[in-house]
Each structure stands twice: as structure tokens, then as C-alpha cells.
Amino acid sequence: QVQLVESGGGSVQAGGSLTLSCVASEYRGNWLGWFRQSPGNKREGVAAIYTRLNTTYYAESVKGRFTISRDSAENTVFLQMNRLKPEDTAMYYCAASTGYPYGQQILLPRVYDFWGQGAQVTVSS
């Protein structure tokens with residue numbers, strides 16, 4: 001049974017940093033990703049990592065500021081967020097996929113099979 005448990009959410013001022021973590025138990029799939037959703041908006045992909053080669057993929061809005069990575073045991077995924085902006089405020093979810101997405105598909109929520117409970121990130125100006 002695949003389970004994803006997130007931690008590390010909180011409140012920071014603009015320009016600050018925050019790191020989210022997600023323990024993905026019993027996962028042997030292909031992609032681990034981070035998504036976010038704010039009130040009135042659809043869920044959007046933020047970053048993803050290919051577990052076999054550690055290839056990464058980022059949304060343009062976070063490229064250069066956020067970094068996705070995994071631990072040596074390959075059971076935990078991290079999202080390091082730097083130079084945070086108020087528009088980064090959202091509920092963040094980690095997710096796992098057993099599919100083989102390419103390009104823009106990598107950040108589509110429908111590609112992912114398992115989801116965490118979400119962690120709130122609030123960035124004030």
C-alpha cells in the first residue's frame with residue numbers, strides 16, 4: 001500500500017525559504033511530484049523527479065527558485081523553496097505516478113496515482 005506523508009509547511013515572509021518533505025512508503029514507480037492549489041485555482045504541477053535517473057522537471061514559475069530531490073534511500077522526496085513570493089502561497093501536495101509522462105504531461109495531476117494530504121505554505125509580503 002503506497003502512502004505519502006508530507007511535512008514542512010508553514011508561514012514565511014517574501015524572499016524567505018522553506019523545505020517540504022514527503023515520505024513515500026512502498027513506492028516503486030516512476031515519478032514523484034509536487035503540486036499546489038490555492039483558492040479559486042486548479043491544481044497545478046510545480047516540480048517532479050524521475051526516480052530511476054533523478055531527472056527533474058519544473059514549472060516555469062518556480063524554475064531557478066525551487067529544487068526537487070530525493071534521499072539516498074529513495075523513499076523521501078523534498079522540495080526546497082527559495083526566494084519565495086506571495087503568489088507561491090498554496091496548499092502543496094506530493095504525489096506518485098506509475099506512468100510514463102513526457103514534456104508537459106509530467107506536471108499534469110491526472111498522471112499521478114497516489115496523493116499526500118497536503119501542506120499549507122503561506123508567503124507574506
Side-chain angles (χ1 to χ4, degrees):
Q1 180 70 37
V2 177
Q3 292 183 318
L4 299 100
V5 181
E6 302 160 330
S7 62
S11 299
V12 297
Q13 292 186 348
S17 299
L18 202 62
T19 299
L20 303 178
S21 63
C22 175
V23 178
S25 302
E26 302 298 323
Y27 180 68
R28 298 293 185 273
N30 300 313
W31 289 88
L32 291 169
W34 287 97
F35 298 77
R36 66 187 183 186
Q37 186 170 23
S38 58
N41 298 110
K42 66 177 183 179
R43 189 168 299 184
E44 63 175 353
V46 175
I49 185 166
Y50 183 49
T51 59
R52 304 183 190 281
L53 297 175
N54 282 343
T55 304
T56 58
Y57 197 88
Y58 296 92
E60 286 296 325
S61 60
V62 307
K63 193 171 297 182
R65 298 188 298 121
F66 291 11
T67 301
I68 187 170
S69 62
R70 295 190 301 144
D71 72 356
S72 59
E74 301 184 355
N75 67 334
T76 304
V77 61
F78 303 92
L79 184 67
Q80 183 178 338
M81 303 180 289
N82 298 322
R83 303 192 302 280
L84 283 161
K85 305 174 181 179
E87 50 263 45
D88 294 319
T89 296
M91 184 73 74
Y92 283 72
Y93 302 87
C94 66
S97 175
T98 57
Y100 295 91
Y102 286 88
Q104 294 297 117
Q105 294 181 342
I106 293 171
L107 295 181
L108 291 178
R110 64 177 175 82
V111 173
Y112 291 76
D113 309 294
F114 307 99
W115 294 84
Q117 78 286 353
Q120 180 66 40
V121 172
T122 302
V123 184
S124 60
S125 60

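All values below come from the heavy atoms of this structure, side chains included, with hydrogens, waters and symmetry mates left out.
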State whether the side chain of N30 and the backbone N or O of Y100 hold a donor-acceptor pair below 3.5 Å, judged by distance alone. no
Let me see the working for W34 and L107 under side chain to side chain contact (heavy atoms under 4.5 Å, CB included), right down to the final yes or no. CA-CA 8 Å; W34 287 97; L107 295 181; over 6 Å; no
For W31 and G99, work out which heavy atoms get closest and say how close. CD1-O, 4.0 Å
Among Y93, Y92, F35, the one residue meeting side chain to side chain contact (heavy atoms under 4.5 Å, CB included) with V46: Y92
Which heavy atom of A24 sits nearest a heavy atom of L32, and at what distance? CB-CD2, 4.2 Å
When you measure from the side chain of E6 to the backbone N and O of G118, does any donor-acceptor pair fall under 3.5 Å? yes
Give the minimum heavy-atom separation between A90 and R36, together with the two atoms involved. CB-CB, 3.7 Å
The single option from D71, L20, I68 that satisfies side chain to side chain contact (heavy atoms under 4.5 Å, CB included) with F78 is D71
Side chain to side chain contact (heavy atoms under 4.5 Å, CB included) between M81 and V121, intermediate numbers included: CA-CA 10 Å; M81 303 180 289; V121 172; 4.0 Å; yes
Taking all non-hydrogen atoms of both residues into account, name the closest pair between L108 and Y112 and its distance. O-CD1, 3.4 Å
Taking a hydrophobic cluster as the set of Ile, Leu, Val, Met, Phe, Trp and Tyr residues connected by side-chain heavy atoms closer than 4.5 Å, whether directly or through intermediates, do V23 and F114 fall within one such cluster? no
Should Y57 and L53 be counted in the same cluster of Ile, Leu, Val, Met, Phe, Trp and Tyr side chains packed under 4.5 Å apart? yes
Got a sec: does the CD of Q104 have more than 12 other heavy atoms crowding it under 6.0 Å? no
Any donor-acceptor pair under 3.5 Å from S25 side chain to V2 backbone: no
